Amino acid sequence: MSEAKAKKPSVWQAFTQPAAWTMFFFGFSSGLPFLLVAGTLAFWLKDEGIVLKEITMIASAGLLYTFKFVWAPLLDHWRLPGFGRLGRRRGWLLFSQLGVVVALLAMAAFTPDRLQAFVLATVAVAFFGATQDIAVDAYRIEIAPESAQGALVATYALGYRIGLIIAGAFAAIMADHIPWPTVYAIMAACMLIPVVANLLAREPDVIQVKTQGWSHAMQLAVIDPFADFFRRYGIALALTLLAFILLFKVPEQATIGGIMSPFYRDMGFSKTEIGSITKIWGVWIGIIGVFIGGAMVARWGAWKSLGVMIVVCGACNLLYLLLIPNQGNLWMLTAVISAENLTLGMLGPPTVAFLSSLVNREHTATQYALLSSLVNLPGKVLGFFAGGIATATGYGMYFVITVLALLPAMMLYILLTPRLRARVAATQE
């Protein structure tokens, strides 16, 4: 027993290992481009006089993040010429990081005045951003044992949120004082920091599984994990689970895209006010929410915590209705953003724990990527049409519509509860 205790991993060693700090910079690299093709982009388009319907469509380039599992097998089974000398993971990561830099500079060069080229550059940022997310997730899983993964996830999340602050709050504040193209050029320069971290990082020691062509790679990476999911849960339960997964995060995802920045501007807030409250204050409130959500999972378990937070977090979208009669009121904006970000943070750990409980350890990375993509898809699709809906019905009705997804989601939750607990427990034995 004393020998087992001696071998127990040290928390200090977990957080001070080189890989932990590498993941901090990789998290920053993942977080920075995300808002630059979503909320921050919507600010720029709004300032250029682009109509709301087109803003939300253009700022939905982030939908590519939802479909990243489609080309994920490439990163597992093909080394990029030239970049491969860094290793499979770091080579793909460097390629995607440089792609983000070039695409951001292209957005700065084209500007919305050359809208078609500008949109193509925006899509390129989203594609390369999603590709680096695939590489980073694979790197994290392979660079350290399971006992150290908690520290890597924590440092990654910290870097990711700092990236969101830079690309959200700081970019919006800078845009009040300098032109938008200059802001995006500065964001491209910031991406050089994680590029250097990548060049100094260590490649994971993993033996690559040899495949016989693209079809064999797809069979191993995509088809087999899907087939395994339906085998373990049965067709009826698996389809019910997938329907629930598709619905329960609609309220959250429907307010992440391009609709919110124009909404805040139309409510009479400046970009500096929006950036300070939503992208700095809100991010740190969200971090508090993450710790609370983790405590809920520890106390109640993932399934019960998830049920509570689906309702609480989804219903918080109705708080945006309070801003309509209180336009320009910073105290009201702060209160609404605080509640929204706190509950969003609290929803995170139960969501991760729930999706993780569904994954077969033989297909952990692929199945989690697929499930996490599905959980975000419907809300992002709704966000794509958000501008048209809000134009036709008003902002208030759009927020009400996002909350209506709670009704079928909770019906499925009630239906799944008695069967899922027993089935998940059995599959984890």
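What you are looking at is a predicted structure, and each value in this text was computed from that prediction instead of being measured.
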Side-chain donor-acceptor contacts of residues 307-325 below 3.5 Å, not counting sequence neighbours, with atom names and distances?
residue : atom : partner : partner atom : Å
Asn317  : ND2  : Pro251  : O            : 2.8
Asn317  : ND2  : Thr402  : OG1          : 3.0

Please list, one pair per line, the donor and acceptor atoms closer than 3.5 Å that link side chains of residues 181-193 to other protein atoms, with sequence neighbours excluded.
residue : atom : partner : partner atom : Å
Tyr184  : OH   : Leu36   : O            : 2.7
Tyr184  : OH   : Leu41   : N            : 3.4

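Remark: side-chain polar atoms of Asp176 are paired, donor with acceptor, to backbone N or O of Thr272 under 3.5 angstrom. Distance alone, capped at 3.5 Å, places no donor-acceptor pair between the Ser30 side chain and the Gly27 backbone. Panel note: side chain Thr343, backbone Glu340; a donor-acceptor pair is recorded below 3.5 Å. Of the possible polar contacts, one joining the Arg265 side chain to the Phe269 backbone as a donor-acceptor pair under 3.5 Å is found. Checked by atom type and distance alone, the side chain of Asn326 never pairs as donor or acceptor with a backbone atom of Asn329 at under 3.5 Å. Asn341 contributes a side-chain N or O that, together with a main-chain N or O of Ile337, makes up a donor-acceptor pair within less than 3.5 Å. The backbone N or O of Arg88 sits less than 3.5 Å from a side-chain atom of Glu203, completing a donor-acceptor pair. Looking at Thr131, its side chain never comes within 3.5 Å of a backbone N or O of Ser96 through a donor-acceptor pair. Between the Glu252 side chain and the Lys249 main chain, no donor and acceptor come within less than 3.5 Å of each other.
Annotation: Phe25, atom CZ; neighbour count of heavy atoms from other residues, nucleotides and ligands within 6.0 Å does not exceed 12. Annotation for Leu200: atom CG counts as buried by contact number, over 12 foreign heavy atoms lying within 6.0 Å.
Under the rule for a side chain to side chain donor-acceptor pair (under 3.5 Å), Ser276 has no partner lying at least two apart in sequence or in another chain. Contacts of Val250 classified as side-chain contact (heavy atoms from CB on, under 4.5 Å), with partners at least two apart in sequence or in another chain: Pro378, Leu382, Ala405. With sequence neighbours excluded, the residues satisfying ring-ring contact (aromatic ring centres under 6.0 Å, His included) with Phe244 are Phe248, Trp303, Phe354. Residues passing the side-chain contact (heavy atoms from CB on, under 4.5 Å) test with Trp281, sequence neighbours excluded: Ile285, Thr334, Ser338.
Of all heavy-atom pairs spanning Leu199 and Arg90, the tightest one is O-NH2, 3.2 Å. The heavy-atom pair separating Val125 from Val100 by the smallest distance is O-CG2, 4.2 Å. Between Phe26 and Ala197, the shortest heavy-atom distance links the atoms CE2-C, 4.3 Å. Here the closest heavy-atom approach between residue Tyr395 and residue Met267 is recorded as CD1-CE, 4.4 Å. Nearest heavy-atom pair across Leu64 and Ala126 is CD1-CB, 4.0 Å. Of all heavy-atom pairs spanning Tyr413 and Lys304, the tightest one is OH-CA, 3.6 Å.
Taking the six-membered ring where the residue is Trp, the centroids of Trp44 and Phe118 are separated by under 6.0 Å. Aromatic rings of Phe34 and Tyr65 (six-membered ring for Trp) have centroids within the 6.0 Å cut-off, being under it.
If you take CE on Met23 and CZ on Phe28, they are separated by 14.5 Å, rounding to the nearest 0.5 Å. Remark: Arg202 CZ to Thr22 OG1 distance equals 9.0 Å, nearest 0.5 Å. One distance of note links OG1 of Thr111 with CZ of Arg114; it measures 8.0 Å at 0.5 Å rounding. Within the model, atoms CE of Met107 and CH2 of Trp180 stand 10.0 Å from one another, a figure rounded to the nearest 0.5 Å. One finds the CG atom of Leu241 at 11.5 Å from the CG atom of Leu374 (value rounded to the nearest 0.5 Å). Atom CG of Leu242 sits about 11.0 Å away from atom CG of Leu247, to the nearest 0.5 Å.
Looking only at side-chain heavy atoms (C-beta outward), Leu333 and Tyr264 come within less than 4.5 Å of each other. Contact check for Leu246 versus Val375: no side-chain heavy atoms found under the 4.5 Å cut-off. Within the 4.5 Å cutoff, no side-chain heavy atoms of Trp92 are placed close to those of Arg89. Between Met411 and Leu415, every side-chain heavy-atom pair lies at or beyond the 4.5 Å cut-off. Lys46 has its side chain out of reach of Ile50: every pair of non-hydrogen atoms, C-beta onward, lies at least 4.5 Å apart.
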Walk me through whether Gln97 and Leu94 qualify under side-chain contact (heavy atoms from CB on, under 4.5 Å).
CA-CA 5 Å; Gln97 288 173 326; Leu94 180 62; 4.2 Å; yes
Hey, mind stepping through Leu93 and Tyr139 against side-chain contact (heavy atoms from CB on, under 4.5 Å) and telling me if it holds?
CA-CA 9 Å; Leu93 182 55; Tyr139 182 94; 5.8 Å; no
Could you walk me through whether Tyr160 and Phe24 pass the side-chain contact (heavy atoms from CB on, under 4.5 Å) check?
CA-CA 7 Å; Tyr160 189 91; Phe24 169 81; over 6 Å; no
Check the pair Phe43 / Ile274 against side-chain contact (heavy atoms from CB on, under 4.5 Å), numbers first and verdict last.
CA-CA 10 Å; Phe43 279 137; Ile274 297 167; 3.3 Å; yes
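In summary, the side chains of Ser29 and Gln132 do present a donor paired with an acceptor at a separation below 3.5 Å, with no hydrogens or angles considered.
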